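The structure presented is a predicted model; accordingly, all values stated were derived computationally and were not measured.
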Amino acid sequence: MENKALGPLKIFTTRPDTLFGCTYMVLAPEHPLVGALTTAGQRPEVEAYCRKTAAKSDVERMSEAAKEKSGVFTGSHAINPVNGARVPIWIADYVLMGYGTGAIMAVPAHDERDFEFARTYSLPMIPVIRGTPEKIHGGAGEFEREPFVYTGDGKLINSPGYNGLDWADAKKRITADLAGRGLGKGTVNYKLRDWLFSRQRYWGEPFPVVWVSEADYRHAAAGRADLPAAPVTFAEHGVTRYALPLPDAALPLELPEVQSYLPSGNGESPLASVTDWLEIWFNVGTGAALPATAPRPEGPAWVRARRETNTMPQWAGSCWYYLRYLDPRNPQAPASDAALKYWGVPDLYVGGAEHAVLHLLYARFWHKVLFDLGVVPQAEPFPRLFHQGIILGEDGVKMSKSRGNVVNPDDIIAAYGADTLRLYLMFLGPLEAMKPWNPKGIEGVHRFLRKIWRECLTEEGGRNPRVAESGQLSADTDKLLHETIRKVGEDIEALRFNTAIAQMMILVNALQKEPVLPRASLLHVLQLLAPFAPHCSEELWARLDGTGSVTTAGWPSYDPAKLVAQTMTVVFQVNGKMRGDTVVPVSITEAELVALASQHPKLIPHVAGKTIKRCIYVKGKLLNLLV
RNA sequence: GCCCGGGUGGCGGAAUGGUAGACGCUGGGGACUUAAAAUCCCCUUUCCGUAAGGAAGUGCGGGUUCGAUCCCCGCCCCGGGCACCA
């Protein structure tokens, strides 16, 4: 600072290479130095600006500010450590207190936000990076025209001592030089996005915190070793309240029984109206509580307290439920070491993209904290992540009550059953895609399930007379069964449920034409179907006298020998165009195929009288003749 | 603005270098039925053609290849997520 008494002003930047281009500084309105920096002349203006900013919600602040930048000069100046330049210090709400140090050096020539701000308030701009002409939109000529902001890479100019250096080198050199003079240092900045950890609603874990007076807090703190170094306080109506966590012995704190858990309508948590639970006599030693309407119990441990009425958000639970489920009744730990080791972390996490930032970021963060504390044995919680798509409304846009395009699964279940709904959701398309709901499409999968049912049972519920204890499928269908076992297994592993179902449809269409249906084959089909349509499969499994439950029957294995075909269809191409095909034994040679091709009736018009210059034979697939 | 996806028949989609459109829906025709429902069979990318057959075709423009929905380069469009993060 120019005024040495104010001490140094700490800023964070990723662009030390542009230090010579700094023409002003900006502090967030909440920055602690704002008061001290502001000169008497600027004070009314600065205070008015800070008040205006404080009155805005975060959303307002961002949306408004994104359109037009605003700020106010403090009257103070800072000294640029690289060149001694005197630069003005401003306050502006485009700088956020929550990131870095809440203060920046502004380089309007090379940062779009600084550029906009500088243009609004006619602040100077000094270009210090010369981009290579081809990287500058509009060519080198545009660079000469003012005003112009350039955020790309290039070589340093107007930076005595560093001119001509590539920006990456300049970053390192300038950082090292400042570090040598004790004026700065290279650092890695981690940011964890802020996510509000409280809600004004009933359903959520209540915070195990009571609010007490300063004197009572000191009284309680004397007997507690687990309180934070600095007390958490909250001022309201001129009274400062102190947050006192419940002692371990009083945990868990449970929600009170209420008449109504609907929102209060006044912006307060529904818990704020549960007076007997809220206003209490609190025992600072045991955490015991009595309604404040009762007489104060005997003894110095009892103080007057008011409970915290906010509850925790859903993600308080969703960040660690996968650990708690391993050992849900354990009173000592989130889960026992043995359970944590035995179960490990989830193999696969399936979630929507809407969870991509907040939930996954925090769940991972919590897990890493628990790992550092030695609570969990793995550093990473979710080794494999899959973002499934959402089902859109019939109109192809996101389902929402306001749009009126919501499909209620209960109605579908009532009309078709849960298996049909489940199967249809999987059959709609790839798991990761966004797919519109189609009420007609559900008929198709429903028919498929009925078809399987009919293959097993008659209309009266007895066994289909074509089902036999002995006997065999035709060779083709038997091969298809084994192909299906393989494909469905592979598709499940790869989460391609839609194609697994399509393959089962092909198989069932073939079974329909079989004169004899060996019971063992049908049981295999039911095993394949069970993960997709569990109720239906279980019922048919029982009616066909399968052993135990289909869910514990295991997965059928396929016989690779049965997948080997005796014949194959080879496609004939002439100059890359498909002209015909033929079924041949797999053992056929290329020469034999070429001979067959040249006599093929559909190929004769295309090859007659021409010499074959080249043949490309892809074994088992096609023969391409170039003429 | 940044980051992810995606663009294929009337519709949802399949095919990841080798027959484009599997499977399902819709539509059309037929069988069974007194009739209907249910079920089964056939057809259903477009254009030309009575047909046999031919041509075009996977958002657009190039490229690689005997061969491209698939690989490469350059665009256009759509969807989602994030966003004053210095």
A:Phe448 CZ - B:C25 P separation (whole Å):
12 Å
Among B:U19, B:A86, B:G18, the one nearest any side-chain atom of A:Thr569 is B:U19
Euclidean distance, atom CG of residue A:Asn575 to atom C1' of B:U65 [Å, nearest integer]:
14 Å
Would you say a side-chain N or O of A:Asn624 is under 4.0 Å from OP1 or OP2 of B:U65?
no
Give a yes/no answer on whether the side chain of A:Arg614 brings an N or O atom under 4.0 Å of OP1 or OP2 in B:C66.
yes
Would you mind telling me which of B:G18, B:C25, B:G54 lies closest to the side-chain atoms of A:Arg447?
B:C25
In whole Å, what is the span from the CG atom of A:Leu27 to the C1' atom of B:A86?
13 Å
Toward the 5' end of RNA chain B, which comes first, A:Gln512 or A:Asn438, by nearest nucleotide?
A:Asn438
What is the base-pairing partner of B:A51, counting Watson-Crick and G-U wobble geometry with both distances under 3.5 Å?
none
Please give, in whole Å, the distance from B:G67 C1' to A:Phe572 CZ?
17 Å
Beyond-backbone contact of A:Arg543 with A:Arg463, side-chain heavy atoms, under 4.5 angstrom
no
When you check the phosphate oxygens OP1 and OP2 of B:C41, does a side-chain N or O of A:Lys513 lie under 4.0 Å from one of them?
yes
Would you classify A:Ile506 as touching base, sugar-phosphate or nothing, given that sugar-phosphate means primed atoms plus P, OP1 and OP2, and contacts are heavy atoms under 4.0 Å?
sugar-phosphate
Rounded off to whole Å, could you give me the CG-to-P distance for the A:Leu507 and B:A22 pair?
18 Å
Figure out the CD/P separation between A:Glu394 and B:U26, and round it to whole Å.
14 Å
Side chain of A:Leu626 only, please: which of B:A55, B:C66, B:C25 is the nearest?
B:C66
First of A:Glu443 and A:Ile616 reached from the 5' end of RNA chain B, by closest nucleotide
A:Glu443
I'd like to know if A:Arg466 pairs up with A:Glu455 as an ion pair, taking the criterion as any Lys NZ or Arg NE/NH1/NH2 lying under 4.0 Å from an Asp or Glu carboxylate oxygen.
yes
Return the orientation label for the A:Trp90 and A:Tyr121 ring planes: parallel under 30°, perpendicular over 60°, tilted otherwise.
tilted
Considering only heavy side-chain atoms of A:Lys577, the closest of B:G53, B:U19, B:A56 is B:A56
Would you please indicate yes or no on a ring centroid separation below 6.0 angstrom for A:Tyr162 and A:Phe20?
yes
Should B:A38 form a Watson-Crick or G-U wobble pair with both distances under 3.5 Å, which nucleotide is its partner?
none
Strand partner of B:G1, provided both Watson-Crick or wobble distances fall under 3.5 Å
B:C82
Counterpart base for B:G18, defined by Watson-Crick or G-U wobble contacts under 3.5 Å:
B:C66
B:G74 -> Watson-Crick or G-U wobble partner, both distances under 3.5 Å, gives B:C60
Taking atom P in both B:A38 and B:C47, what distance in whole Å separates the two?
31 Å
I'd like to check A:Ile412 versus A:Arg422 (side-chain heavy atoms, cut-off strictly below 4.5 Å). Are they in contact?
no
Paired to B:G24 by Watson-Crick or G-U wobble criteria (both distances under 3.5 Å) is B:C11
Could you label the plane-to-plane angle of the A:Tyr349 and A:His359 rings as parallel, tilted or perpendicular, counting under 30° as parallel and over 60° as perpendicular?
tilted
Looking at every strand, decide which applies to A:Asp114 at a 4.0 Å heavy-atom threshold: base, sugar-phosphate, or nothing.
nothing
Of the nucleotides B:A86, B:G18, B:U19, which one has an atom closest to the side chain of A:Val571?
B:U19
Looking at B:C32, which nucleotide sits across from it as a Watson-Crick or G-U wobble partner, both distances under 3.5 angstrom, or is there none?
none
How many whole angstroms separate atom CG of A:Leu392 from atom P of B:G6?
16 Å
Rounded off to whole Å, could you give me the CE-to-P distance for the A:Met505 and B:G24 pair?
6 Å
So A:Trp315 and A:Phe197, would you call those rings parallel, tilted or perpendicular, with 30° and 60° as cut-offs?
perpendicular
With under 30° as parallel and over 60° as perpendicular, where do the rings of A:Tyr94 and A:Phe117 fit, or are they tilted in between?
tilted
Nucleotides 13-17 of chain B: which of its N/O atoms have a protein N/O under 3.5 Å away?
from	atom 1	to	atom 2	distance (Å)
B:A14	OP1	A:Asn498	ND2	2.9

